[in-house]
> 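Sharing a structure with you now.
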There are 2 protein chains.
Amino acid sequence: MSSQNSSPSTEKNAKAPSRSRGLKRVSALLDGASAVFAEAGYEAATMTQIAARAGASIGSLYQFFPTKEHVAAALHGRHLDALAGMLDSLAGEVRGQPVEAAVDALFARFVAYLEENPAFLAVGERRSLDPAVKKEARARLRGRIAALLVAVEPPIAEARVASLAAVTLHLIRVAALLRADDDEGVRAPAIAELRTMLKRHLAGQGG
Amino acid sequence: MSSQNSSPSTEKNAKAPSRSRGLKRVSALLDGASAVFAEAGYEAATMTQIAARAGASIGSLYQFFPTKEHVAAALHGRHLDALAGMLDSLAGEVRGQPVEAAVDALFARFVAYLEENPAFLAVGERRSLDPAVKKEARARLRGRIAALLVAVEPPIAEARVASLAAVTLHLIRVAALLRADDDEGVRAPAIAELRTMLKRHLAGQGG
DNA sequence: TACAAACATGAGGAAATCCTCATATAAAGG
DNA sequence: CCTTTATATGAGGATTTCCTCATGTTTGTA
């Protein structure tokens, strides 16, 4: 269940690329969309801007993405895939380590990813995003975080993993939302505080 | 320095009402804008919707607010005035009380205000808001919170008040950002945790 | 090479939105 | 009552944006 399935509710003629040229073009279009969404936000971004930024014509854009919503959905799915992969590899790296080290690594990677990919917040936290999609996305990330929490030593108690994974994702999201537009002097200490808070919350939850 | 001074940078012919009828109309227009911004968000809200919601013609709206940005700025200022007044009266109520009680009251009032006035987040946290305005708004609220912190017993040390007021506002903003669109099951405990965190942070900071 | 299907292109239709303006009405002062 | 100024109104111009479509080009394949 990857990105190609997270399409908007109203399915128009969303054609998937089959030739290699089409695959490259779709990738370039998503790169262009990523840049434009990051700079202007979802609402202010225009299809013409996205096509131009990708070096494509407006017609090419509409060939693969019949709607701006489709573009955002595809980009969102692509980011979720990347984040899920990142969490998977992280789970391997922190296996057997104390939970504090895992939290540090988790925060560092997540915050870095969002710094480098501001478009993810632009499409993932916008008002117009379908709540069902939002919910599913969070569930997916929660699952990966839960896997990470049972890999540490001592592992988090099985019965508490789901709830603690939710709290963890929650705090990371908060840090991410602060990231967006805050005074430089406040942001870093705030993120550090949230990280500390999470450690305190997870410490002593071993099973 | 109240709301009438927080106008957008490009000053067009922003006429202020002088007669009582005009004052009422401006108030109604801001009420309409508040409803529309809360439901649709700033970007998706249209001037026609705002005028209709206020029971006014589109021409009347443009008579007082030459731009949608002007509407948002005026509404933002109005909310800031209300919040400042709320904090002032709260400072009186918690005078002489322990800091924990003050924090509880502060969170309760602030969260309640934002629940009842979702338009404030819609105009105050949007991308297109001028950073200078945002900064000034936060400075204003920080000042009121600082006044509140020196009113408790024992009072917060003078030298630390500014920094602690910043942390306080910060955590309240985090709680507010969670408020917007989160799963009901996670929101309330998260806010409670943030409140606890703030108490722990402020405890023992007396002068 | 020749054919079919995928892909590319940009002018322009349709619709939405911002905002203006000429005209009309209400209110305040003399 | 009459003048002046503030306020009210909504049709419509100007612009922007989404999206379509007819036509042309490239790619894979037999």
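Residue numbering restarts at 1 for every chain, and letters A, B, ... go by the order of the sequence lines. Fair warning: this is a prediction, and the values are worked out from it, not measured in the lab.
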> Please determine whether a side-chain nitrogen of the Lys or Arg among B:Glu69 and B:Arg126 lies less than 4.0 Å from a carboxylate oxygen of the Asp or Glu.
yes
> Counting any heavy atom closer than 4.0 Å, what does B:Ser60 reach on the DNA or RNA strands: base, sugar-phosphate only, or nothing?
base
> What is the separation between atom NE2 on B:His70 and atom C1' on C:dC19, rounded to the nearest whole Å?
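Taking NE2 of B:His70 and C1' of C:dC19, I get 13 Å after rounding.
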> Please state how far atom CG in A:Leu29 lies from atom P in C:dT9, giving the value in whole angstrom units.
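Value for this atom pair: 10 Å.
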> Return the nearest nucleotide to the side chain of A:Thr67; candidates are D:dT9, D:dT17, D:dC19.
D:dC19
> Can a salt bridge be assigned to the pair B:Lys24 and B:Asp31 using a cut-off of 4.0 Å between side-chain N and carboxylate O?
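A salt bridge is absent here (no side-chain N lies under 4.0 Å from a carboxylate O).
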> For B:Ala51, report the nucleic acid contact type (base, sugar-phosphate, nothing); a contact means any heavy atom under 4.0 Å.
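If one applies the 4.0 Å heavy-atom cut-off, B:Ala51 turns out to touch nothing in the nucleic acid.
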> Taking salt bridge (Lys or Arg N to Asp or Glu O under 4.0 Å) as the test, write out the residues that go with A:Asp104, two or more places apart.
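Expected list: A:Arg195, A:Lys199.
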> To the nearest Å, give me how far apart CZ (B:Phe64) and C1' (C:dC19) are.
16 Å
> Report yes or no: does B:Gln49 contribute a side-chain atom to a donor-acceptor pair with the main-chain N or O of B:Thr46 at less than 3.5 Å?
yes
> Considering only NZ, NE, NH1 and NH2 on the basic side and carboxylate oxygens on the acidic side, decide whether B:Lys68 and B:Glu43 come within less than 4.0 Å.
no
> For B:Arg25 and D:dA6, what is the distance between atoms CZ and P respectively, to the nearest whole Å?
17 Å
> Please state how far atom CD in A:Gln63 lies from atom C1' in D:dC21, giving the value in whole angstrom units.
12 Å
> For the side chain of A:Ser18, counting heavy atoms from C-beta on, which of D:dC19, C:dC7, C:dT20 is nearest?
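The answer is C:dC7, which lies nearest to the side chain.
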> I'd like to know if B:Lys134 pairs up with B:Glu125 as an ion pair, taking the criterion as any Lys NZ or Arg NE/NH1/NH2 lying under 4.0 Å from an Asp or Glu carboxylate oxygen.
no
> How does each nucleotide of nucleotides 23-30 of chain D score, in 5' to 3' order, for protein heavy atoms under 4.0 Å: base (B), sugar-phosphate only (S), or none (-)?
---BBS--
> From the set C:dT9, D:dT7, D:dT20, return the single nucleotide nearest to any side-chain atom of A:Ile58.
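The answer is D:dT20, which lies nearest to the side chain.
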> Where the side chain of A:Pro17 is concerned, which of C:dC18, C:dC7, C:dT20 is the nearest nucleotide?
C:dC7
> Taking only residues two or more places apart in sequence or in another chain, which ones pass ring-ring contact (aromatic ring centres under 6.0 Å, His included) with A:Phe120?
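ring-ring contact (aromatic ring centres under 6.0 Å, His included) list for A:Phe120, sorted by chain: A:His76, A:His79.
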> With a non-hydrogen cut-off below 4.0 angstrom, is B:Ala45 in contact with a base, only sugar-phosphate, or nothing?
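Counting heavy atoms under 4.0 Å across all strands, the contact made by B:Ala45 is with sugar-phosphate only.
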> In whole angstroms, how far is the P atom of C:dA15 from the NZ atom of A:Lys68?
19 Å
> With sugar-phosphate meaning primed atoms plus P, OP1 and OP2, does A:Gly59 contact a base, only sugar-phosphate, or nothing at under 4.0 Å between heavy atoms?
base
> What's the CG-P distance between B:Leu61 and D:dG10, to the nearest Å?
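Those two atoms, CG and P, are 13 Å apart.
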